[in-house]
Amino acid sequence: MIKGFRGTSLVDFPGRLAAVVFLGGCNFRCPFCYNVDLVLPERLSRLKDLPPEEVIKELKRRENFITGVVITGGEPTLYKNLLRSFLEVIRSETPLDIKLDTNGSQPDVLESLSKEALLDYVALDFKTSPSRYAELRGDFKAIEESLNILQKNQISYEIRITAVPAFISFEELKELLPYFKGAKLVALQRFMNEYERLAPEKDLGVYGPKELKELKLFLEENLSVPVELRNV
Ligand code: SF4
């Protein structure tokens, strides 16, 4: 389940110095994904598993100078029970706040983690407009359900959008507008085209700083949620 660990990060948990735990495997196939090693089964199988108890030990060693832990992937919610057990140990044995990064495809997992108070902050991705989720092997109905669960359980969450021109333009953002209400912030991330990605043969385009600012302005004009540009 656990395929990577970073001891400290300043950029993965807003307002926190945090450790990052990477879980392998994903049910989506976003052509722009640069977590190739964590997504493709043949690449994933080459990464060794880190025992959860070793990771907990590392977290405890750092608990005097980090204040959070980020669980990311891949898609961490694919490990329903293992993830819950792992978070229970973090909760009971460390003082760290827990952030989960998710594509939102497993609302039942979010429901159970929320009910057990195992989440302090969630970053939920919007990849493209609801009508285009099938292109990524996803279904926006599940994402909508995840949003409802986060709101119902009063979990603080941000919406993350990677600004890939082939999947996010003004048109897609317009379709997504009804779904931002309730988020703490919207993070619009620059697409980093310079890395290896799942579909290198596809030309997905890349936005420059001016276009990113225009997308940000569009969101700001249409939402009452703060919008932040990242990786620029
Ligand atoms: S970008 Fe995220 S959701 Fe998409 S394939 Fe990669 S890990 Fe999965």
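Each ligand, and each atom within it, is numbered from 1 in the order the structure gives. Any value given below was found using the heavy atoms of this structure, including those in side chains, with hydrogens, waters and symmetry copies removed.
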Looking at [atom], what's its closest protein heavy atom, distance included?
atom                    : result
atom 6 (Fe) of ligand 1 : Cys33 SG, 2.3 Å
atom 8 (Fe) of ligand 1 : Cys26 SG, 2.3 Å
atom 2 (Fe) of ligand 1 : Lys127 NZ, 3.4 Å
atom 4 (Fe) of ligand 1 : Cys30 SG, 2.3 Å

Numbered in order shown, the ligand 1 atoms found under 4.0 Å of a heavy atom of Asn103 are 3 (S)
> Which atoms of ligand 1 are found less than 4.0 Å from any heavy atom of Val39?
Replying inline: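 By the 4.0 Å cutoff, the relevant atoms are 6 (Fe), 7 (S).
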Enclosure of Lys152 NZ (heavy-atom neighbours >12, cutoff 6.0 Å):
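For Lys152, atom NZ is crowded (more than 12 foreign heavy atoms under 6.0 Å).
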Checklist entry - Should the heavy atoms of other residues, nucleotides or ligands under 6.0 Å from CD of Glu171 be counted, would the total exceed 12? => result no
Smallest heavy-atom separation, Ser169 atom then Tyr207 atom, equals CA-OH, 3.6 Å
Salt-bridged, Glu145 to Lys141, with N to O below 4.0 Å?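 A salt bridge is absent here (no side-chain N lies under 4.0 Å from a carboxylate O).
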Q. With under 30° as parallel and over 60° as perpendicular, where do the rings of Phe32 and Phe191 fit, or are they tilted in between?
A.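 It falls in the perpendicular class, over 60°.
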